[in-house]
2 protein chains.
Amino acid sequence: MRNMSDIIEQYLKELLAASDGEVVEIKRAFIAEKFDCVPSQLNYVIKTRFTNEHGYMVESKRGGGGYIRITKVETHSKSEYLAHLKNLIGPALSQQNAQHIVQSMFENDVITLKEGKIINAALDRESLMIELPFRDQLRAKILLSIIDVILYTEE
Amino acid sequence: MRNMSDIIEQYLKELLAASDGEVVEIKRAFIAEKFDCVPSQLNYVIKTRFTNEHGYMVESKRGGGGYIRITKVETHSKSEYLAHLKNLIGPALSQQNAQHIVQSMFENDVITLKEGKIINAALDRESLMIELPFRDQLRAKILLSIIDVILYTEE
DNA sequence: TATACTTTAGTCAAAGAAGGTCAAAAGAGG
DNA sequence: CCTCTTTTGACCTTCTTTGACTAAAGTATA
């Protein structure tokens with residue numbers, strides 16, 4: 001294989017395959033040591049090869065006992081639909097349109113009624129007490145990250 | 001488990017689970033001895049993992065026969081518990097405290113894992129791209145309306 | 001009872017231990 | 001050459017551990 005990043009990618013994927021639950025937890029410094037590279041190279045590998053879009057979820061903790069945890073998530077069949085919704089949203093989103101989208105997600109069985117209500121509450125102009133046009137931008141941001149969560153959360 | 005603080009947290013939670021009334025009373029120095037750490041580490045563990053936001057109450061006494069008593073806050077009824085959380089939130093809310101509250105709601109079966117992730121996404125500082133201190137105020141507002149929704153939504 | 005001593009627990013800040021970010025330098029391919 | 005990807009390292013942020021100092025409560029004593 002050509003370069004260090006590819007080798008590390010391969011290695012991490014092997015670890016994932018070996019682990020039963022499709023989850024692997026590493027010490028950044030330890031892996032860096034093992035492959036004789038700088039620790040931040042791990043961040044590069046993760047950022048370019050283990051993103052949400054690639055079907056992985058990454059969590060980490062700093063400080064004593066810190067770690068990086070990579071989880072493979074099988075993105076369910078709704079992914080095209082949700083990607084489509086993300087496209088619709090763009091940089092700003094009115095409350096009305098937001099409600100339409102939430103309604104659509106509910107009807108398409110991507111969220112439950114309660115989840116829909118929670119999302120609507122988070123996107124309500126009462127909660128988002130800032131001026132237009134920032135409010136609509138903020139609403140878009142929030143809904144986009146919520147959709148990402150839905151995309152990469154197994155039921 | 002990774003570090004001393006996590007181990008002690010785990011230990012205390014086991015004690016709590018074992019105790020009938022969800023109350024546990026410890027001798028700080030004794031626990032420190034048991035885990036071979038300095039006594040003040042117990043204070044750190046308590047301050048970071050057994051706060052009100054986490055759903056615990058802590059009392060203590062110094063001097064001879066001193067103790068630290070940790071009580072898991074009784075979630076009498078769902079509505080009382082949620083009212084209690086709303087009290088904790090106040091006019092502004094850090095991301096950390098927000099996560100503690102979401103964690104507590106999950107542990108108290110008020111929300112599901114997915115709902116928790118959705119809420120966290122909505123409250124994340126990445127989504128809430130405005131400056132402090134407004135961001136913390138906004139986060140408080142959003143979580144308050146979400147809690148209201150949970151309060152008034154039948155499962 | 002007032003005072004001194006002992007036994008606990010609390011506070012706080014410094015040091016230590018991870019991981020994160022970002023941009024410059026280096027390399028690879030077209 | 002030009003562009004895109006990879007490598008590197010300086011600097012940053014977060015979380016944990018440690019210990020010196022402080023505060024409070026009980027106990028013995030004048």
Side-chain angles (χ1 to χ4, degrees), chain A residues 1-13 15 23-54 56-71, chain B residues 1-12 15 23-54 56-71 94-100 103 120 124-126 129 131-132 135-136:
Chain A
M1 196 149 283
R2 300 193 314 287
N3 55 35
M4 194 48 47
S5 289
D6 287 344
I7 292 169
I8 294 173
E9 172 190 6
Q10 177 91 11
Y11 174 73
L12 292 177
K13 286 185 172 166
L15 285 188
V23 65
V24 67
E25 203 169 288
I26 59 169
K27 291 260 181 210
R28 189 180 76 154
F30 180 78
I31 303 289
E33 174 92 15
K34 180 180 173 84
F35 289 101
D36 193 35
C37 63
V38 295
S40 58
Q41 178 134 22
L42 269 289
N43 297 87
Y44 176 73
V45 171
I46 287 167
K47 199 179 324 182
T48 53
R49 292 148 162 88
F50 292 88
T51 65
N52 275 356
E53 284 71 18
H54 286 119
Y56 298 91
M57 184 176 65
V58 178
E59 303 156 286
S60 66
K61 201 172 109 178
R62 309 185 189 188
Y67 59 81
I68 298 177
R69 181 163 48 221
I70 304 175
T71 311
Chain B
M1 199 153 282
R2 316 165 232 295
N3 56 34
M4 196 45 55
S5 289
D6 286 345
I7 292 168
I8 295 172
E9 171 191 7
Q10 173 116 358
Y11 174 72
L12 293 176
L15 285 188
V23 179
V24 67
E25 203 169 287
I26 59 170
K27 292 258 181 212
R28 188 180 77 153
F30 179 78
I31 303 288
E33 175 90 15
K34 180 180 173 84
F35 289 101
D36 193 33
C37 64
V38 296
S40 59
Q41 179 135 22
L42 269 290
N43 298 88
Y44 175 73
V45 171
I46 287 167
K47 198 180 326 183
T48 53
R49 292 146 162 88
F50 292 89
T51 65
N52 283 338
E53 287 81 1
H54 284 108
Y56 298 92
M57 186 176 65
V58 178
E59 303 156 286
S60 66
K61 206 172 87 173
R62 309 185 191 189
Y67 59 82
I68 298 177
R69 180 163 50 220
I70 303 175
T71 311
S94 71
Q95 177 165 330
Q96 245 200 357
N97 277 147
Q99 285 169 349
H100 292 164
Q103 174 73 18
N120 273 148
D124 195 285
R125 65 171 73 86
E126 290 297 311
M129 282 281 277
E131 319 298 317
L132 286 173
R135 197 200 305 150
D136 282 359

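Every chain is numbered from 1 and lettered A, B, ... according to where its sequence line falls, protein lines coming before strand lines. Since the model is a prediction, treat every value here as computed from it, not as a measurement.
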Tell me if a side-chain donor or acceptor on B:S40 pairs with a main-chain N or O of B:N43 at a distance below 3.5 Å. no
When you measure from the side chain of B:E53 to the backbone N and O of B:H100, does any donor-acceptor pair fall under 3.5 Å? no
To check you understand the geometry: which heavy-atom pair defines the closest contact between B:S5 and B:Q41, and what is its length? OG-NE2, 3.0 Å
Minimum-distance pair of heavy atoms, taken over all atoms of A:D6 and A:N3: N-OD1, 2.8 Å
Quickly work out the [X] [atom1] to [N] [atom2] distance and round it to whole Å.
X      : N      : atom1 : atom2 : value
A:I8   : D:dT6  : CD1   : C1'   : 11 Å
A:I26  : C:dA17 : CD1   : P     : 20 Å
B:L132 : D:dT13 : CG    : P     : 14 Å
A:F50  : C:dG20 : CZ    : P     : 14 Å
A:Y67  : D:dT16 : OH    : C1'   : 14 Å
B:E25  : C:dA9  : CD    : C1'   : 13 Å
B:Y44  : C:dA15 : OH    : P     : 18 Å
A:M4   : C:dA26 : CE    : C1'   : 15 Å

Considering heavy-atom distances to DNA chain C, does A:I68 or A:G64 have its closest nucleotide positioned more toward the 5' end? A:G64
At 4.0 Å (heavy atoms only), tell me whether [X] reaches a base, stays on the sugar-phosphate, or touches nothing.
X     : value
B:E59 : nothing
B:G66 : sugar-phosphate
B:L42 : nothing

By nearest atom, which of the nucleotides [options] is closest to the [X] side chain?
X     : options                : result
A:N43 : C:dA9, C:dT21, D:dT6   : C:dT21
B:S40 : D:dT17, D:dG19, C:dA9  : D:dG19
A:Q41 : D:dT18, D:dT8, D:dC15  : D:dT8
B:K61 : D:dT17, C:dG19, D:dA25 : D:dA25
A:N3  : D:dT6, D:dT17, C:dG19  : D:dT6

At under 4.0 Å, does any side-chain N or O of [X] touch on OP1 or OP2 of [N]?
X     : N      : result
A:R69 : C:dA18 : no
A:S5  : D:dT7  : yes
A:K47 : C:dG20 : no
A:R62 : C:dG16 : no

To the nearest 0.5 Å, tell me how far B:E9 CD sits from B:F50 CZ. 5.5 Å
Would you check if there is a donor-acceptor pair between the side chains of B:S94 and B:Q96 at a distance under 3.5 Å? no
Closest-nucleotide 5' rank along DNA chain D - winner of A:V38 and A:R49: A:R49
What I want to check is whether an N or O donor and acceptor connect the side chain of A:R28 with the base of C:dG20 at under 3.5 Å. yes
